[in-house]
There are 2 protein chains.
Amino acid sequence: MLPAEIVPVPLAVDLVVLTVRDDTLCVLLVRRGIEPFAGRWALPGGFVRPDEDLDAAAVRELREETGLARSTGHLEQLATYADLDRDPRGRVATVAYLALAPDLPVPVAGTDAAASRWWAVTDIPRAGSDGDSGANGTDGGTGGDGRAVGGMTGLAFDHARILADGVERARSKIEYSPVATAFCPPEFTVAQLRRIYEIVWGTRLDPRNFHRKVTRTAGFLVPTGRTTTRDGGRPAELFTRGDARLLHPAMLRPEPEDR
Amino acid sequence: MLPAEIVPVPLAVDLVVLTVRDDTLCVLLVRRGIEPFAGRWALPGGFVRPDEDLDAAAVRELREETGLARSTGHLEQLATYADLDRDPRGRVATVAYLALAPDLPVPVAGTDAAASRWWAVTDIPRAGSDGDSGANGTDGGTGGDGRAVGGMTGLAFDHARILADGVERARSKIEYSPVATAFCPPEFTVAQLRRIYEIVWGTRLDPRNFHRKVTRTAGFLVPTGRTTTRDGGRPAELFTRGDARLLHPAMLRPEPEDR
DNA sequence: TAAATAGTGTCTGTTAGACACTATTTT
DNA sequence: AAAATAGTGTCTAACAGACACTATTTA
């Protein structure tokens, strides 16, 4: 039997769902419809049901919030947060997951969310703003340098920290694994993949060296033989994801640009 | 208020405490004194107290089980495990931590553990064995290839999987961060550090190239000016840890040796 | 034709791996 | 001196970054 003095805690999963759209790294946020933090923006998530494992709960939440199928994109456990004061209702432990997805149709409103939308990670709503200035969609220009995640935000709970951890994980993981392809549609060009790296890292990459690098790293890309039709330019070859799980050698993230 | 249908779960932390001793990568295991799995070997750990955060619980358990001070070695969150069937008492979520420590004196028996000792990670007790064949200490020769973590083991709960995840994390983390120094005493030689890499990776490294690599990677090592006295050989310079948190460029893990 | 994007080749500097060689100790 | 370990230098192959150049499309 369990010792009597143990206090069990409610167990939740929260999702950092990232995508690249309109040349911006975006995260899916939902506006909370209930207390605590009613009206504030938060990461999508919910409590783990008594009959499901953590991964199953994350997959279910992802489907409920985005309609994303299990096989699309990438999903991995990020970290667990259980600080005593992170939820005013008392201690709640949340297991955060990181999801990377291709540009999706407008998200579906979840069960307990009044609304949901994509936010540029450099332009997270501040405390006090109602966050509707950008209508539904991302606003084109980012105020930041393309790398930082706003420090003082109005996100509910400790979700600003979880988001920052998720973005940092994504930025480092595309260095040594091919998960950047999770941001791409099933078939994609080298230029599309390069834009992903440039946007996630906030840097510029030489198109020619990038092309050589990704096409010659074993298992990264599989040529389909097909090409895209383009407007003004040579058609690009289309690729699908290879079966490599790690990149040897890794992609090198350039030093941050001074600008 | 929390929705009524939420079932709170007991929250524990478990530690994968690794060290290098007698030229072997070792993990600290405790023999369980109480049910479930009484008599079986398990990772040290315990339930999170109502008034402490996860990191605090991990630090407390580490001190209780090993006497290890907070500042020694390295401690980081590994992953969270909450499968429904991982504990016969019902669902228990455990947040696993990875600790890397220098070779320590014989561990102290914990509060609810009948005994504790270091085990070579390649020689984890099997189901059915009582695990006392090696007396107190690690047995010199490893049966394995120096890399695998025994698949079918007799560890309690899902601790074999957690241990495997922890070892894999350690093996990859020393590639791109200087945490291998956490296995070393406060002052150490290049050869000591090289043995750490060789033992954790299960490979041989060229002493001369390794020396050049670690001494020329900015922030990895700080020379103290002192040297060791040795028996038969030129005295080696002593170093302390540098302040780098990431290695640029990373250490390269050689292909596994065929032997 | 020009403009635009895709893709190849070439040069150079850095670094990893192999290994000859020197340096400093104990026996 | 011999043995042992520490540390440096040198050569070569792989690879990243810079960038000239060719290829294939649309307007």
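Computed from a predicted model, the values in this text were never measured in an experiment. Chain letters run A, B, ... following the sequence lines, proteins first, then strands; residues in each count from 1.
Contact of the B:Asp165 side chain with the B:Tyr81 side chain is registered, since non-hydrogen atoms from C-beta on lie closer than 4.5 Å. Side chains of B:Asp55 and B:Leu75 form no contact here, defined as non-hydrogen atoms less than 4.5 Å apart. Residues A:Leu43 and A:Leu15 are not in side-chain contact: their nearest non-hydrogen atoms beyond the backbone lie 4.5 Å or more apart.
The separation between A:Leu221 atom CG and C:dG7 atom C1' is 14 Å, rounded to whole Å. One atom, CZ of A:Arg234, and another, C1' of C:dA6, lie 5 Å apart when rounded to the nearest Å. With rounding to whole Å, B:Glu237 atom CD is found 18 Å from D:dT5 atom P. For A:Arg253 and D:dG17, the CZ to C1' distance is 18 Å, given to the nearest whole Å. In this structure, the CG atom of A:Leu205 is 17 Å from the P atom of C:dT5, given to the nearest Å. One interatomic measurement links the two molecules: NE2 of B:His248 to C1' of D:dA16, which rounds to 15 Å at whole-angstrom precision. Taking atom CD of A:Gln192 as the reference point, atom P of C:dT5 lies 14 Å away to the nearest angstrom. In this structure, A:Phe210 atom CZ and C:dT8 atom P are separated by 14 Å, rounded to whole Å.
An OP1 or OP2 oxygen of C:dA16 is reached within less than 4.0 angstrom by a side-chain nitrogen or oxygen of B:Lys213. Listed pair A:His211 / C:dA6 fails the phosphate criterion, with no side-chain N or O lying under 4.0 Å from OP1 or OP2.
Ring orientation note: the planes of B:Trp119 and B:Trp41 are nearly perpendicular, at an angle over 60° on the 30°/60° scale.
A:Arg208 contributes a side-chain N or O that forms a donor-acceptor pair with the base of D:dA20 under 3.5 Å. On a pure distance criterion of 3.5 Å, a polar donor-acceptor pair joins the side chain of B:Asn209 and the base of C:dA18.
Nucleic acid contact class of A:Pro207 (heavy atoms, under 4.0 Å, all strands): none.
When distances run from any side-chain atom of B:Arg212 to the nucleotides D:dA6, D:dC19, D:dT10, the shortest one goes to D:dT10. Of the candidate nucleotides D:dA16, C:dC19, C:dT25, C:dT25 has the atom lying nearest to any side-chain atom of B:Pro235. Closest to the B:Ala191 side chain, of the nucleotides D:dG17, D:dA6, D:dT10, is D:dA6. Comparing D:dT5, C:dG7, D:dG9 by their nearest atom to the side chain of B:Arg216 picks out D:dG9.
A residue-by-residue look at B:Leu252 and A:Leu238 shows that A:Leu238 has its nearest nucleotide of DNA chain C further toward the 5' end. Across the interface with DNA chain D, nearest-nucleotide mapping of A:Asp206 and B:Phe239 shows B:Phe239 to be the residue nearer the 5′ end.
When atom types are taken as modelled, the side chain of A:Thr24 and the backbone of A:Cys26 share no donor-acceptor pair closer than 3.5 angstrom.
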